[in-house]
Amino acid sequence: MQISDNFRYRIYEFLPGFSIWMTLITVIVLSFIRPLWMIYFIIIFDIYWVLRVLYFAFYLILSWRRFRRANKIEWFSLLVKEFKDWREYKNVVFLPMCNEDWEVVKTSLESIRKSSYPAEKIVLVISGEERYLDHWLKVQEKIKEYAVGKFQDVLFYTHPKDLSGEIPGKGSNINFAEKQFKEYADNKQWDYKKIIASIFDIDTSVHKEYFAHLTYIYCKHPRSHRSSFQPLTLYNNNIWESPSVLRIMAFGTSFWILFSLARLDNLVTFSSHSMSFQAIVDCGGHAKDIVSEDSRIFFQCWLRYDSDYEVTPLYIPVSMDTVREDSLWKSLKNLYYQQRRWAWGTEHIPYLLWQFRKNKKISLRKKITRIFYEWEGKWSWAVVAIMITIVGQLPLQVINFSNSEASTSALFFSVPYVLQILMTISMLGLMISAILSMLVLPRRPNRYSPHRYLYMILQWILLPFSLIFFSAIPCIDAVTHLMFGKYLGFNVSVKKR
């Protein structure tokens, strides 16, 4: 029987969630019918995860050293000294916005203007939404007052609502702005390969050396038009004002990116990133009909160039806001939806499986490796915290409650001590994260007392709670929606200061 393309794609969408649910159901069922088997499995799984934590700690420290070293260099001086033709390159910053406050926009523009790289060599492309036209026009007037005349150019585009083939969100906004900017670049006869496009969230504040560092690395790269450039993202613009759970998840995301920067085999673009405008044109621009366009653009280029595309790490940071609302409950709800939106990146798995059928030039090894990293990442995201904190204790409780012969075995009595030792070793990752979180904190505002630093340390005891309710469960929620074809739209994360 011939399988339709639509049905085949639905199977691909079903598989990631199915693998996660089958894992959870299987381990729970086996905990009741084969608890001894599960005890052995939990010990092996915990040993494996301790090794992963040590692996994580090693690369996190390695990346941290590179980060510290990169932030001590005056990159603009180095750029001017080593590359006489640096003026030929155009830095273009895309800033899509929805209904964010002017204060958020102003902070981003101010950080770009105060960069060591000359503002008069930077083009701003700011695109608002027609569906929030009144707000967009008001903010646009303030941007004109603040930015026009201080940059090489400031371009304003209004993304029309209800365009066919789009879902409302950041991706469709960027896609529209890229097409409009292409006409602008063509009129000026600019070389696409010498246009360095930075696609930022509107709350992105750049380090003063970011554009100098980016331009230096771009000029030095042997094939810069075949690479994206991923900075370290720190969610610390409003970190002092945010509740503890939001801070933990923000630090966790930053440290995961820092860890990933040192592992080039698995690095993909995330959130704010930079790339050649040539690559954007070649791959058709950021996807306008999906939620996770920031990572999808890498896969589009990777497929377009038959896997001859990479991500180059940048150890100069950009800073963004945590999701924050007026009340704790609204902030936590906002955080949940943000994590679910990020986990919706599972949509890349069926996309890759589908595209791999059509692309015969990419080797099978590369295809399997790419799929494995994506699939294993989402599986771990959804499963590991639950396995370690909840399921790991279940077979022990079953044996104890049933009063079976296994309850008198040496294994039964020794397992709690073995697990305690493994968990103590795994605390190394937590300790490193707590220490680094203090080192990347922005300066304490005067309105907060010094003892708030103590809260910043003690907040890490909330990590198990956060990992389950604001990481694992949102991920399971997202993959389950994808399993049953209940597609999620783009929810805008509210970020207030």
* Please list, chain by chain and in numerical order, all residues satisfying side chain to side chain donor-acceptor pair (under 3.5 Å) with K179, sequence neighbours excluded. => N175
* Asked: With H135, which residues qualify under side chain to side chain donor-acceptor pair (under 3.5 Å), at least two apart?
  -> none
* Asked: Any sub-3.5 Å donor-acceptor pair from D203's side-chain atoms to D321's backbone N or O?
  -> yes
* Which residues pass the salt bridge (charged side-chain N to carboxylate O under 4.0 Å, His left out) test with R444, sequence neighbours left out? -> none
* Can we call the ring centroids of Y351 and W354 under 6.0 Å apart? -> no
* Determine yes or no for a side-chain-to-main-chain donor-acceptor pair under 3.5 angstrom, with Q300 supplying the side chain and G284 the backbone. => no
* To do: List in chain and number order the residues that pass ring-ring contact (aromatic ring centres under 6.0 Å, His included) with Y184, two or more places apart in sequence or in another chain; answer none if no residue qualifies.
  => F181, W190
* **side-chain contact (heavy atoms from CB on, under 4.5 Å) assessment of D282 paired with Y192** => CA-CA 10 Å; D282 287 350; Y192 295 163; over 6 Å; no
* Asked: Of all residues at least two apart in sequence or in a different chain, which pass the side chain to side chain donor-acceptor pair (under 3.5 Å) check with W381?
  -> S471
Contacts under 3.5 angstrom, residues 62-76 side chains, donor-acceptor by atom type, not counting sequence neighbours:
unit_1 : atom_1 : unit_2 : atom_2 : d
S63    : OG     : L258   : O      : 2.6
R66    : NH1    : Y315   : OH     : 3.2
N71    : OD1    : H207   : NE2    : 3.1
N71    : ND2    : F67    : O      : 2.6
N71    : ND2    : Y315   : O      : 3.3
W75    : NE1    : A70    : O      : 2.8

* **Pairing residues for F83 by the ring-ring contact (aromatic ring centres under 6.0 Å, His included) criterion, not counting sequence neighbours** => Y216
* For residues Y59 and Y55, establish whether the separation of their ring centroids is below 6.0 Å. => yes
* To do: Please identify each residue that fulfils salt bridge (charged side-chain N to carboxylate O under 4.0 Å, His left out) with K182, with sequence neighbours left out.
  => D186
* Any chance you could lay out the side-chain contact (heavy atoms from CB on, under 4.5 Å) test for I435 and S437, step after step, and finish with the verdict? => CA-CA 5 Å; I435 293 170; S437 70; over 6 Å; no
* **For F176, ring-ring contact (aromatic ring centres under 6.0 Å, His included) partners two or more places apart** => H159
Under 3.5 Å donor-acceptor pairs involving side-chain atoms of residues 113-126, not counting sequence neighbours:
unit_1 : atom_1 : unit_2 : atom_2 : d
R113   : NE     : Y146   : OH     : 3.2
S115   : OG     : Y117   : N      : 3.2
S115   : OG     : K208   : O      : 3.1
S116   : OG     : K208   : O      : 3.1
S116   : OG     : E209   : OE1    : 3.1
Y117   : OH     : N91    : ND2    : 3.3
K121   : NZ     : R87    : O      : 2.8

* To do: Please indicate whether N187 has more than 12 foreign heavy atoms, meaning atoms of other residues, nucleotides or ligands, lying under 6.0 Å from its CG.
  => yes
* To do: Please name all residues satisfying salt bridge (charged side-chain N to carboxylate O under 4.0 Å, His left out) with R296, sequence neighbours left out, ordered by chain then number.
  => none
* With sequence neighbours excluded, what pairs up with Y12 under the ring-ring contact (aromatic ring centres under 6.0 Å, His included) test? -> none
* For K144, does the NZ atom have more than 12 heavy-atom neighbours from other residues, nucleotides or ligands under 6.0 Å away? -> yes
